[in-house]
Amino acid sequence: MFKNKDEQKNNPFEEENYNKEAKNQEEAQNTEENTAQNQEGAEQQPENEPEKDTPSEAQNDDTAKLQAELDSLNNKYLRLAADFDNFRKRQMAERESLLKYGAEDTLKKIITVLDTFERARKSVSDMQECDKIKESYEVGIKQLYDTLDKIGLKKIEAKGEEFDPNLHEAVMQTPTNEHPANTVIDELQTGYKLFDKVLRPTFVNVATEEG
């Protein structure tokens, strides 16, 4: 029943089976070695750094929206700051104007009193026997003008000046060669300014070319 070694060796089928078995064992051994090397390499290889998350389209959209809202709020803040600064400047200008021109209405009423003084001065100018009255009158009116001048009321000088429509109102025109054309030759009613603001222009007679 049992074959001897020589018979086994000389049997080609047995030899082929033997070679296949040896080859399979060798491949299995190689596989085990490769697996062991791969595991060892995996243990020695440092862990890879985690990949950084790339921003998604949704994240980009959210960022863009937030930036747009920030820009809008910043623009609103700048406009509000500019409006407040303009409001502050207007308030300061109005306050300065009120302090400077607050007496405007009162002085307009006083002007009519000055007109009375001026007419009285003219009516007594030729009276020789009224020298003391005229002297007292001149002192009183000078004091009044000086007081009004300190609070900003000034006479608009016109006679001999070139006609200025911003300061003068021409109620008469006289053709003459004695004065240059467009020159004020007479004041018919005194004009007044409050600082640089005209309260009432001077009524004047203006020279024109004599034709």
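Keep in mind the model is a prediction, meaning the values are calculated, not measured.
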Establish whether Leu199 and Ile110 are linked, either directly or via other cluster members, by ILVMFWY side-chain heavy-atom contacts under 4.5 Å. yes

Here's a test for you: under side-chain contact (heavy atoms from CB on, under 4.5 Å), which of Val204, Ile185, Thr183 qualifies with Phe163? Val204

Begin from the C-alpha positions of Lys89 and Asp85 and carry the test side chain to side chain contact (heavy atoms under 4.5 Å, CB included) through to its verdict. CA-CA 6 Å; Lys89 290 178 179 178; Asp85 187 58; 3.2 Å; yes

Is the shortest side-chain heavy-atom distance between Leu114 and Thr190 below 4.5 Å? no

same_hphob_cluster(Leu194, Val113) at 4.5 Å side-chain heavy-atom cutoff: yes

Distance in Å, Lys159 NZ paired with Asp186 CG, rounded so as to fall on 0.5 Å steps: 5.5 Å

Distance-minimising heavy-atom pair for Pro180 and Ala207: O-CB, 3.6 Å

Verdict with reasoning, Lys108 to Glu104, per salt bridge (Lys or Arg N to Asp or Glu O under 4.0 Å): CA-CA 6 Å; Lys108 282 182 176 180; Glu104 179 177 350; 3.4 Å; yes

Output yes when a side-chain donor or acceptor of Thr176 lies under 3.5 Å from a complementary backbone atom of Glu178, and no otherwise. yes

Tell me which one of Thr208, Asp164, Val206 satisfies side-chain contact (heavy atoms from CB on, under 4.5 Å) with Asn182. Val206

Name all residues meeting the side chain to side chain donor-acceptor pair (under 3.5 Å) criterion together with Lys65; count only those two or more places apart in sequence or in a different chain, and write none if there are none. none

Any non-hydrogen side-chain atom of Ile156 less than 4.5 Å from a side-chain atom of His168? yes

Less than 4.5 Å apart, any side-chain heavy atom of Leu167 and any of Val198? yes

In the structure I gave you, are the side-chain heavy atoms of Asp115 and Arg200 within less than 4.5 Å of one another anywhere? yes

Taking side chain as C-beta onward, heavy atoms only, is Glu187 less than 4.5 Å from Glu157? yes

If I compare all heavy atoms of Glu210 with all of Pro175, which pair ends up nearest, and what's the gap? CA-CB, 3.9 Å

Got a donor-acceptor contact below 3.5 angstrom from the Asn75 side chain to the Asp71 backbone? yes

Could you tell me if the side chain of Asn74 sits less than 4.5 Å from the side chain of Leu78, heavy atoms only? yes

Heavy-atom count check: over 12 atoms from other residues, nucleotides or ligands less than 6.0 Å from Phe195 CZ? yes

For residues 145-154, tabulate all N or O donor-acceptor pairs below 3.5 Å that involve a side-chain atom, not counting sequence neighbours.
unit_1: Tyr145; atom_1: OH; unit_2: Glu118; atom_2: OE2; d: 2.6
unit_1: Tyr145; atom_1: OH; unit_2: Tyr192; atom_2: OH; d: 3.0
unit_1: Asp146; atom_1: OD2; unit_2: Lys142; atom_2: NZ; d: 3.0
unit_1: Thr147; atom_1: OG1; unit_2: Gln143; atom_2: O; d: 2.9
unit_1: Asp149; atom_1: OD1; unit_2: Lys154; atom_2: NZ; d: 2.9

